[in-house]
Amino acid sequence: MNRISKILIANRGEIAVRIARACHETAITSVAVFSEADRSAKHVRYADEAYEIGPAPSVESYLVIDRIIETAVRSGCQAIHPGYGFLAENPALPAACAAEGLIFIGPDADSMALLGNKTEARKVMEKAGIPIIPGAMEPLKSEAEALVAAAEAGYPVLLKAAAGGGGKGVRVVHSEDELPSAFIRAGAEALSAFGNPDVFLEKYLIEPRHVEIQILADNYGNVIHLNERECSVQRRYQKLIEESPCCMLDEAMRERMGKAAITAVKASGYTNAGTVEFLVDSSGDFFFLEVNTRLQVEHPVTEMITGIDLVKEQIKIASGEKLGMGQEDISINGAAIECRISAEDPETFLPSVGYITELVEPAGPGVRVESGISADYDIPVYYDPLLAKVITWGKDRQEAIARMLRALDEYKIKGVKTTIPFHRRVLIDKGFSEGNYDTGIVTRIEHHRTNDFLEISAIAATIVAMNDENVDFVSDVKQDDRWKLSGRNYGGIRS
Amino acid sequence: MNRISKILIANRGEIAVRIARACHETAITSVAVFSEADRSAKHVRYADEAYEIGPAPSVESYLVIDRIIETAVRSGCQAIHPGYGFLAENPALPAACAAEGLIFIGPDADSMALLGNKTEARKVMEKAGIPIIPGAMEPLKSEAEALVAAAEAGYPVLLKAAAGGGGKGVRVVHSEDELPSAFIRAGAEALSAFGNPDVFLEKYLIEPRHVEIQILADNYGNVIHLNERECSVQRRYQKLIEESPCCMLDEAMRERMGKAAITAVKASGYTNAGTVEFLVDSSGDFFFLEVNTRLQVEHPVTEMITGIDLVKEQIKIASGEKLGMGQEDISINGAAIECRISAEDPETFLPSVGYITELVEPAGPGVRVESGISADYDIPVYYDPLLAKVITWGKDRQEAIARMLRALDEYKIKGVKTTIPFHRRVLIDKGFSEGNYDTGIVTRIEHHRTNDFLEISAIAATIVAMNDENVDFVSDVKQDDRWKLSGRNYGGIRS
Amino acid sequence: MAFEVNDGEHMLRVEASRLEVRPHDELFEVVIDGEKKIVSISRISPAHLSILLEGKSYNVEVERFGKKYQVTTRGEVYEFSVTDEREVVTTEKPQAGGRLVVTAPMPGLVVEIMCSDGKQVEAGQGVLVLEAMKMQNEIVAPVSGIITEIPVESGASVNLGDSLFVIES
Amino acid sequence: MAFEVNDGEHMLRVEASRLEVRPHDELFEVVIDGEKKIVSISRISPAHLSILLEGKSYNVEVERFGKKYQVTTRGEVYEFSVTDEREVVTTEKPQAGGRLVVTAPMPGLVVEIMCSDGKQVEAGQGVLVLEAMKMQNEIVAPVSGIITEIPVESGASVNLGDSLFVIES
């Protein structure tokens with residue numbers, strides 16, 4: 001047992017704030033690190049201590065292991081939490097921690113390296129008797145090798161970063177002539193996101209469901225699963241909406257998948273929190289996809305239905321505690337759903353960077369917000385567009401969805417475009433609300449815009465436009481009665 | 001069964017928003033009413049429809065039954081939800097609803113009148129075998145009568161509004177010479193708050209615990225209780241912090257009090273949601289205090305531990321549905337705590353009215369906020385100082401308290417003073433954190449201010465003061481490099 | 001004074017005049033497509049109007065992106081151009097000849113240029129790669145033609161709307 | 001330039017000069033009670049400063065109420081007067097004679113006046129009742145004496161700091 005009293009959080013944005021909150025609640029001192037672009041970011045303000053670690057580009061700051069280790073040592077931390085993204089799946093970080101006598105809050109370097117290498121992981125799982133998706137067992141060395149492997153598996157195929165996760169460096173390839181360009185792009189994205197250009201290939205399952213199992217494993221061989229998450233609402237292999245429980249799983253299948261996940265974890269010697277991802281085809285067969293060797297973006301949906309704080313559990317496991325619960329203590333209470341709110345155009349999904357002029361977060365019963373932004377915040381162009389997550393809980397799925405629709409209506413992020421209107425469209429989609437969907441759902445969703453609010457919206461636009469152009473509304477209104485463009489004058493419309 | 005599809009919310013502030021949220025989640029159209037002072041208030045903006053009902057003083061708007069009924073009828077509502085306060089415990093409202101064919105979301109006029117009259121209620125409970133506090137069985141007609149009743153019960157005694165609840169019109173009287181003035185004040189407050197000056201008297205129990213039982217009763221005789229709430233953190237008989245479960249209750253006592261509450265409800269023919277309040281003395285004996293014939297301010301703590309949305313249940317019961325659950329379906333999941341955030345000086349508890357210049361609400365795991373305010377909002381002087389409530393949930397009481405402390409640290413309401421620092425002091429108090437407290441806790445709490453942050457605070461004050469006074473920081477800084485006092489200039493410190 | 005409000009599919013004629021300034025709102029008389037309405041407007045924040053119209057309560061968010069007004073209410077998003085009807089409407093001239101300037105759809109970093117000046121490209125062919133928020137986006141030729149100008153170089157930061165390349169068809 | 005910062009119990013001498021304006025913060029050299037410190041300050045909103053000092057991160061809220069600065073950080077609340085040390089400190093004169101003006105501790109409505117001009121009252125005796133936010137607050141005589149002036153009447157609205165009555169002892 002190594003009591004952890006001070007943690008360096010090697011991340012930024014909502015997840016850094018999330019981890020700092022867990023520290024706050026357990027009387028652990030939190031240490032933030034930040035790039036030059038992030039001095040006024042929320043995670044810097046939230047932590048107890050904060051140190052600058054380099055210029056804005058993440059390769060010069062958040063990805064510099066030496067600087068992070070040095071900051072942890074100098075500030076007297078016993079442990080480092082990597083969050084997700086950045087260095088979270090880079091085995092060099094746990095290795096460097098071990099060398100410096102720091103605790104890495106996550107698995108050890110060996111099991112991370114094993115599982116992080118998607119091709120190695122596939123071999124281990126196949127050996128452990130877990131079904132895997134057909135495809136190459138080794139990273140692709142060249143375009144030529146990719147062409148051969150693709151022909152063997154049969155198009156369509158998927159190119160995936162061997163080192164990464166989270167949808168970065170993933171390309172679907174429908175035919176031979178698309179392959180060369182996709183191979184280059186996937187490799188470049190993989191290098192940019194994970195510092196490793198290796199790409200592998202597997203058969204592309206057509207519109208499967210993406211179901212994953214959250215696990216917790218301590219250092220004494222105890223492994224439990226915390227039920228599943230359904231993450232089939234994806235675009236470009238990026239998850240957008242996640243929920244738990246999954247509508248298509250009955251108790252028997254939940255148990256089978258849970259056992260497979262525990263087997264996968266034990267086979268790889270993995271410890272701490274992790275997620276075993278599966279694809280489920282339309283006949284209900286599931287295939288191992290990968291293990292995410294870290295906290296997931298979507299971990300809150302599991303927290304909402306189990307009541308377990310996964311970050312606190314991670315810290316406890318890392319400090320050498322035994323799991324305080326067994327599989328029999330884990331149950332499902334109600335239903336939870338998460339929407340990822342990104343700074344992207346909700347139609348084109350192009351990044352929308354800018355200055356947040358106004359921020360109102362949803363609240364009330366069953367609503368949880370995890371956010372890395374605040375009002376008057378300039379979103380840096382250097383990092384992931386994920387701004388925040390909304391998670392809702394309901395006694396059943398229907399209530400969780402109704403609350404999410406309410407929460408999205410309450411959420412106001414002004415100054416940039418966000419994916420909020422996209423989420424609304426998914427939630428009111430018949431397939432989604434009936435629970436009958438797969439990873440193809442996003443391409444199938446249609447938005448039939450109602451014109452019910454066209455008139456009121458046109459009126460509002462007119463009045464704001466007149467204000468913007470300083471138009472007199474009526475000729476007999478005195479100059480000083482005109483719309484004020486600034487200040488908080490209580491009489492008259494404030495702007 | 002009368003399907004309710006449109007509800008008028010006869011209230012304002014956080015509770016009106018709370019009810020509108022429940023409507024939003026169940027596809028019910030919500031109709032707000034507002035006084036002239038509340039045109040831009042959050043509840044007006046939140047509802048689907050909104051109608052002005054009179055000038056700022058509540059006696060000319062929120063308390064005018066005719067105008068509320070007329071608005072409900074004209075706008076096509078089938079039902080009225082009264083919230084708490086204002087008309088919520090005035091039997092004239094359900095009576096007027098019945099006369100107009102509107103559904104009142106609450107009990108019928110008769111049982112409300114019976115229980116609302118605290119002296120009548122005492123008689124009914126005594127008859128039903130529920131222990132009551134010694135005192136007068138009739139309202140006091142004069143100062144002389146009060147003196148006699150007080151002498152009989154023995155000082156200290158409590159004067160209480162016969163019609164009200166929520167701590168308004170309550171005075172403790174320690175000796176005979178304090179009685180005349182207190183009798184006049186209590187009567188005046190009772191009249192102002194409830195439109196009825198009747199006051200009664202009972203023995204003042206010294207520092208009991210205040211424990212109440214939430215009940216739900218449908219129109220078919222089914223009554224269940226949803227466990228207790230501990231509300232002993234009070235000042236001037238106003239609850240400040242509430243929690244569930246109560247540390248001092250074991251399963252046996254919970255069952256006994258739950259049964260007493262159900263008996264009380266059945267004895268009075270009460271339906272819908274209600275709360276049976278008890279005082280528990282140091283020996284563990286409990287005494288009937290009163291029934292609150294409405295939704296309570298603190299209802300969210302019960303929602304957090306049971307997963308039941310009480311407002312939705314109220315609407316279902318009012319529409320004639322049978323209770324969808326039995327006593328065996330109710331359990332306690334974790335622990336929840338609520339802090340009421342009021343616009344009051346945290347030392348003197350004097351009202352602090354003003355303009356909210358900045359608002360940041362807490363978020364993250366286990367945190368729920370119910371708020372009636374927004375940034376750039378001018379708090380009207382006419383209404384209750386309750387601005388918002390923070391509710392936290394934890395797997396146990398310790399986690400709920402730790403989360404509340406975190407939430408209070410995150411909460412920023414600038415422009416007015418609030419009770420946030422007061423709550424912080426209670427939560428770190430040893431008696432409170434050990435669960436060993438009673439209604440005397442507030443007077444016993446001491447605040448030993450730490451000087452750890454004196455220097456950093458002095459530095460901040462200096463720099464802001466220099467900015468306010470336009471002081472040059474260094475002589476060689478050019479004029480246009482000075483601190484900008486407005487605008488969102490990205491370079492330099494923004495203000 | 002009247003405005004033409006156009007969302008691309010519908011054209012509405014809106015005339016607004018202020019009747020009264022009150023402590024918490026302003027009353028307007030609005031004539032929309034010939035119909036007269038009384039509207040209460042309270043401006044909650046720069047981008048947020050609370051509107052009461054015939055009893056209905058609307059939270060309307062209005063933001064200006066370039067010359068368009070993006071309006072969000074009850075989950076629906078509309079994008080309007082608002083034009084003073086007295087103004088002479090300047091018809092936008094069609095693109096001269098076959099010269100097309102392709103601009104940056106977002107701020108970002110040019111990480112690769114896949115073509116050079118004078119090269120012939122097909123419609124849909126990648127010309128350069130723009131990275132923003134960790135995503136690589138291939139910017140393709142919208143039409144077939146010859147690349148005549150590439151005013152950016154690899155490693156350059158560009159803002160929304162900056163010219164990326166010129167194509168002549 | 002130096003300031004005297006006083007919270008009633010402690011007096012600190014603070015000198016601040018700006019070293020550098022950077023894109024996201026400003027660096028100050030601060031001398032506090034003779035000790036020199038380098039401080040990074042980022043102003044997040046009018047009332048909210050993010051301060052980094054020797055690695056520690058502080059969210060400091062500073063509000064001005066009258067002439068005092070109320071500062072909140074990590075749950076602690078301090079109230080400071082901040083005085084330019086070069087200014088001649090004007091000593092507040094003690095209350096002349098026995099005349100005391102009692103002012104409204106909050107805005108509210110005078111609902112009852114319990115005394116009349118010229119009446120003798122004891123310390124602690126109620127003089128009038130002020131209602132604000134639904135609470136009735138008895139305003140009592142702070143000392144024994146004679147009420148010489150009551151410039152308000154029943155039903156009047158008063159603001160914070162308005163005179164309620166004058167008592168001479």
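Below, chains carry the letters A, B, ... as their sequence lines are ordered, and counting in each starts from 1.
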Of all heavy-atom pairs between C:R74 and B:D48, which one has the smallest distance, and what is that distance? NH2-O, 3.0 Å

Which value, rounded to the nearest 0.5 Å, describes the distance between C:L52 atom CG and B:R39 atom CZ? 3.5 Å

For the atom pair CD1 (C:I44) and NZ (B:K42), what is the distance rounded to the nearest 0.5 Å? 12.0 Å

Within a 6.0 Å radius of atom OH on B:Y62, are there more than 12 heavy atoms belonging to other residues, nucleotides or ligands? yes

Looking at C:I51, is its backbone amide N or carbonyl O close enough to the side chain of B:R45 to form a donor-acceptor pair, meaning the two atoms are under 3.5 Å apart? no

Residue-level contacts of residues 30-37 of chain C with chain B, using a heavy-atom cutoff under 4.5 Å: none

B:A47 versus C:S57, closest heavy-atom pair with distance: O-CB, 3.3 Å

Among residues 23-36 of chain B, residues within the sub-4.5 Å heavy-atom range of chain C, in order of number, are B:F34, B:E36

Can you give me the closest heavy-atom contact between C:H24 and B:S40, atom names plus distance? ND1-OG, 4.1 Å

